[in-house]
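Hydrogens, waters and symmetry mates are skipped; everything else that's a heavy atom, side chains included, is used. Chain identifiers are assigned alphabetically (A, B, ...) following the order of the sequence lines, protein sequences preceding nucleic acid strands; residue numbering begins at 1 within each chain.
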Amino acid sequence: MSLFLREALREFWRGSLSKLGVIFLSIVIIVSFYTTTTMPLDYGTRFWSNPVFWVNNPKAAPPEWVNTFVSPKLLEHKVLSTSLPASVDAVEGSILKRYSVSYKLGVEQFPQFFNLEVSNLTYHEAPPTLILSILKPDGYSIDLYTFIVERPFENESIPFIRYTLEPKRVLLSGEVQVARALSNFISARYGELLSPSQIIDIGYEQIIFGERSALKSFTPLKGTYTLTLTLASRNPNDNIGSCRFILGGQVYGLMGTDLLGRDLFSGLLFGFPVALLIGFATSVITTALGAGLGIMSGYIGGRIDDLIQRFSDIVNNFPQLPLLIFLTFIFGGKLWVIVLVLVAFGWPGLTIIVRSMVLSVKGAPFVESALAVGASRLRIMGRHIFPQVAPFILSQLIFYTPSAILSEAALSFLGLGDPTIPTWGQILEYGFRNGAVYLGYWWWILPPGLLIIYSAITFVFIAMGLEPVVNPRLRRWR
Amino acid sequence: MPYLEVSDLHLYYETVRGIVRAVDGVEFMLEKGEALGLVGESGCGKSSTANALLRLLPKNYIEYRGHIILGRHDLMNLSDDEFREQIRWKRISMIFQGAMNSLNPVLRVGFQVAEPLMIHRNLNKEEALRKASELFKLVGLPSELVDRYPHELSGGMKQRVVISMALVLNPELIILDEPTSALDVSIQAQIMNLLKTLKNELGITMVFITHDIALASDLSDKVAVMYAGQIVELGFIEDVLHKPLHPYSQKLVASVPLLKGNKKPEFIPGAPPDLVAPPHGCRFAPRCPFIKEKCMVDPPSSHLVGGGYVKCWLYE
Amino acid sequence: MESIIELDNIRTHFQIYKSLFKTVTVKAVDGVSLRINKGETVSIVGESGSGKTTLGRTAVKLVEPISGKLIFEGKDITHLRKNLKSFRRKAQIIFQDPFMSLNPYMTVSQIIEEPLIIHGVPREDRPSIIERALQDVRLMPVEEFKMKYPHMLSGGQRQRVGIARAIVLEPIFLVADEPVSMIDASSRAEILLLFEALQKKYKMAVMYITHDLATAKYFSDYIAVMYLGRIVEYGPTLEVLQNPIHPYTRMLIDVVPDLDPQNRFIQRNVIPGEPPSPINPPVGCGFKSRCPLGGECPNDAPQMREIAEGHMVACHRGW
Amino acid sequence: MGLGKTLAVRGLTLIAVLFCVLLLTVAVIGATGVSDRILNAMLNERLRGIRQVLSTQITDPDELNRAIEAIEDDLIHSYGLDQPWYVRMPSMLARIIILDLGNARTIQTFTGSRLVSDIILERLPNTILIMITVLIINFLVGLIIGVKSATRPGSLLDRFISIYSSISYAIPTWWLGLLMILVFSFYFRLFPFGGMFSAPPPTELIPRLLDLIWHAAMPIITLVIALSGSWIYITRSVVITTAQEDFVTVARAKGLSERLVMWRYIIRVAAPPILTNLMLGLAAYLGGAILTETVFSWPGMGLLYYHAIVSIDEALILALTYIFTLIYVISRFLLEVFYVILDPRVRYG
């Protein structure tokens, strides 16, 4: 047997497709392993489907590397953070701690949005005030936003700590206060009076990061901006744990973002173990069930055979996709439901083939001669029949894997996927439903599809490599 | 001048293991109306010789040469299209091994018999089918069977259909490639009787290929014993059966179990050589009881004896 | 002589599913009585469809007869289900197809070892027994053949492995089901001679199933001619061949070509037509419709009658 | 005999399939309580209608309520809502078969009907149009290219076909559709993004037809590309296997031209197994059609399915599952008929 196995492996390894398949599979496994160890298992519910988590990301932004190909260059997404004050001043009994970062605008583009996040703020006496201001490259400065930290609760003990679990998040692009500040700035700078609604029309970012070129039109002002968050308080021990300035870009990360600003790279990464799980779980259960029933049906025969045969014949003639849709719809798109439904329709094909193989082997003279020698049923099954069908079953196991992956993707694409787990199919569904193809968001459409193909073709290649091992007629023995 | 003269016929083809020299310098001649029995073990190149005569070459062939002179013309000089249009079935037809596989399962047998008439003689379908049903009678089949499909006929009937198909254009030469090996003994005898009748009444020249030399004697005037791609002995049936010259022919004759008579059959120890790398000298040398030093080195040339020849160093 | 196996009026029928609602009965063996003594070979001669293979399988209990008795070494084993092992050890079968009768996933030594494992031969004794079996069938050098897989062997070599497996337990009864029909004519004699030597060595009772009267002549003591599930003629080999009574036997003898250059000038005496189907055999004598003797026969099935010492024939008219 | 009987047996098997699917769906919606929801929705609709009618006749609100309650009890009984689901099964089966499943939740026909049966009957021809076109194109493409590559095994075309077929097995049809839209509609502006006609649709016959073809082109091309790979490959292998049969050699020996040998002795004999594979692939065609319609907003049953899922319309999904099974079973049967005609051997079985 071991000699046989060695020969079979050599035969398998001879094909170039099998080598490619093995390399592809190793990559899938390594990435899946990396993903499951570095990403939380509840990534789907905790992060992926939680819009707040993605609020600082640009929406529907292509990947950063497109800048290699386009001109003019697109603005990159920037997250600037600091936790130490740049300067500390005492003015009229107040302590002013200034936390500042500098932001260099290098391209002719405006940032898409401007967010501020403050976390772990500690104070000891009166609630401090936070002031956000910006110093433009042309020397002008604007105080954009001011707010006072929530006062202590009853019975709260010193020190009072705020924004620990969730940071204080200010989406500046939506704040009316900012409009007022900008209106003031424009009248001071250009001597023009604009109402807050006119400011909103022009866009905050245009005014903050731009220069006026016409009455209501601004062009980007390149150069270095200094963003400062000032903590004004009574107590010198008051401080901010960290503050982050988010300047929304037009490109993001390795794979870009979707309409909710989700980082597609992380979603795509998480899809690897899921695809592997669905593919393997489905194909292993399906092959075990299908082959088991087939062997039983072929070997035991009689009424059980009749029953299994009729049943598998009927189920085999079911139109798969409509029933898959129906059942996942009724039972709800949970991962295990999808797997079970795929199993329910996948087994009969294998049962029918394995049964006929067992039947033909069962009548083969070498089985008859084992019978004539007095071999027990168990021995005949294990030693004579099973080895004949085992390679075929293995190759079917591998061949069924891509079809399970593809079926899950199709169900997900129809909106029947498991909402708690991001999969490539679901990413595509969300993209399709939000018009990604009509808007040309290629980075949202191509990578998930290519990954589905990649994972499926991995197994197709391996299955094709196994073909000469399984099918003795293709074997080149001598 | 013999009617059919084959000389220096070669057919090599390429496999993963190397070049198979299936037909390696075959030569024989035949008078009109004679039958030649081509006898040998399986894998000795009998069927390849038959296919080479009709230019039915495998896709992976790499060498096909020699002379096939039928009547006066060397068929090797014809182009593929000329050969197809002038020779195939019109002058040389063939009965293949295994009648069950020789018939197209989705066409009625009568049509398959009549088809060459429609193609080579431009007969219309009715006339051709009428001719086919006449032929059915000739080979001992009820003529209403023309409307049947192959799977509705028994093995013996199919073999008769195949024979009638070979006769349809009145060919001068019929090649029979183990025409009865898949049949039961009684059906085999029926078919052999039929072939004898056809040979005597129609005067067709035949090349009869079989592994059974006793069966060959049922039809052949001459026998050619083939071994490892070559004919090692050719002679009249009387001579070969009674006084085989080549040691291989002697063994082959001795291996036949006889129903009448009382000699125990013998066998030839060892196995025939691999046609990818046949022995250098005489190809039978490794199994030959009379082996001499010379046999291992030089291939024996044809030595003319009686009406034929033998390739053996014993007769130099 | 000591009788090894006796078949008494054995009938083996099969049900074949034609369609969902229709089954037909194939009367493969339909009333056969036969006895094989120690050290004797009985040839079962017949054409395809005569039931000879089924008879062989029935004799080694690979199929169950629907009626009749199977007596092995004096004991009725017709309905023996359990304790078959001791019978299996003593009765073996060799199959026609040398390519399908060996498990392609086992080496030669594993194939021959299997019967030893099943019948509890101690592990340490097995190598020498395997070696002896391989020597018996002349697969030498033994060490080289032991490790080979069936696909590495020629047809003749495979058949010898099959024989080695069958004789490794030293059976007293052996069924050889057309053991040489798929082997080249020139090596047939080799296998059959080997077979004969082994039979003598182990004093086996052999049922040699064949369609070839010529080999039957050399390798058997008795011949039984089967037609449509029944034995129509039985007797000592030479007696049957020299003095055939049944018209079917006569035809079988007539159609075998001998090495005679005059063959091509004579028409063989062959009965036209083909045997009827065993699904719906004719009533009475199965040969009635083709019989060259013609005339009227009674409608009942002809019984076996002894017409000479040990020579039986089932024919209403035959002599 | 033969022909009719063989077909009757096959037909019975397929009817059994249809019946089993129906039984399965009914049992599932019954056991999960979905059928209660569907029937209740139908009931409430009927009651609303009745209330409107009655309120014009009966003015006293108490009397009205009493009358309606009586009718409601009647209806509950007639819908079988007072009984467990397995007792209702036969009537539910009957409802599905005649598509009497009340109104769809949000979808309606172009004429405004919201009846499930009206909606489905309006969409059905559009789906069948796509499916049959693709089936025919693929059949021809598979035959022509498959045969061509089979005549030259190992050639460039042949190697391309085997790679193409393994890749096309791994490409989701619907994703290919998205890709096509992205490339040919968004970037090159060659084809419409979707739909069946331009808005407003041309009124004259010829422009209307051309408009239809323009719109149908991309879904059809997508399906052909996605499904033809394995199909060509199978055709190729069947043709290669058949070409090795002895009767092909016999045909050559008979002096037939290569062309005749190919058509009469290879393709004609290979046709039944090729057709068998077409039958086996039918489910893939149906599935492909469902998804492709969704991608290309082709107003057929597939798109309807998608909308029904998105708007969580149980009755419509149930009806569509049934109709898709029906389409599958009918097309399967038609192929069986072809098969029996093509292969004389199965006529006697």
Which heavy atom in A:V437 sits nearest to a heavy atom in D:F193, and how many Å separate them?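 Closest approach of A:V437 to D:F193, heavy atoms only: O-CE2, 4.1 Å.
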If you compare all heavy atoms of A:I453 against all heavy atoms of D:P172, which two are closest, and at what distance to 0.1 Å?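 Residues A:I453 and D:P172, closest heavy atoms: CG1-CD, 3.8 Å.
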Please identify each residue that fulfils ring pair (Phe, Tyr, Trp, His ring centres under 6.0 Å) with A:F280, with sequence neighbours left out.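 A:F459.
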Using distance alone, with no hydrogens and no angle check, list the donor-acceptor pairs under 3.5 Å between chain A and chain D.
unit_1 : atom_1 : unit_2 : atom_2 : d
A:N317 : OD1    : D:R332 : NH1    : 2.4
A:P322 : O      : D:Y305 : OH     : 3.0
A:I445 : O      : D:W175 : NE1    : 2.9

Segment of [X] engaging chain A (4.5 angstrom heavy-atom cut-off):
{"X": "D:L178", "answer": "both"}
{"X": "D:L318", "answer": "both"}
{"X": "D:V329", "answer": "neither"}
{"X": "D:I290", "answer": "side chain"}
{"X": "D:I312", "answer": "both"}

Looking at side-chain heavy atoms only, is the closest gap between A:F413 and D:V295 below 4.5 Å?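 With C-beta onward as the side chain, the pair touches.
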Is any side-chain heavy atom of D:I309 closer than 4.5 Å to a side-chain heavy atom of A:L416?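 They are in side-chain contact.
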For chain D, the option from A:A436, A:P402, A:G449 that forms the most heavy-atom pairs under 4.5 Å: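 Ranked by heavy-atom pairs under 4.5 Å with chain D, first place is A:G449.
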Interface residue of largest heavy-atom contact number with chain D, from A:P322, A:A409, A:P448, under 4.5 Å: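 Looking at each of A:P322, A:A409, A:P448 in turn, A:P322 comes out on top.
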Tell me every residue that passes side-chain contact (heavy atoms from CB on, under 4.5 Å) with D:I128, counting only those two or more places apart in sequence or in another chain.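 Listed in chain order: D:L124, D:I132.
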Between D:V28 and A:F326, is a side chain to side chain contact (heavy atoms under 4.5 Å, CB included) present by the stated rule, with each step listed? CA-CA 10 Å; D:V28 165; A:F326 175 76; 4.1 Å; yes
Of all of D:V183, D:V34, D:L291, D:L179, which one pairs up most often with chain A through heavy atoms under 4.5 Å apart?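 The candidate making the most pairs under 4.5 Å is D:L291.
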What pairs of donor and acceptor atoms, side-chain ones from residues 16-24 of chain D against any protein atom, are under 3.5 angstrom apart with sequence neighbours left out?
none

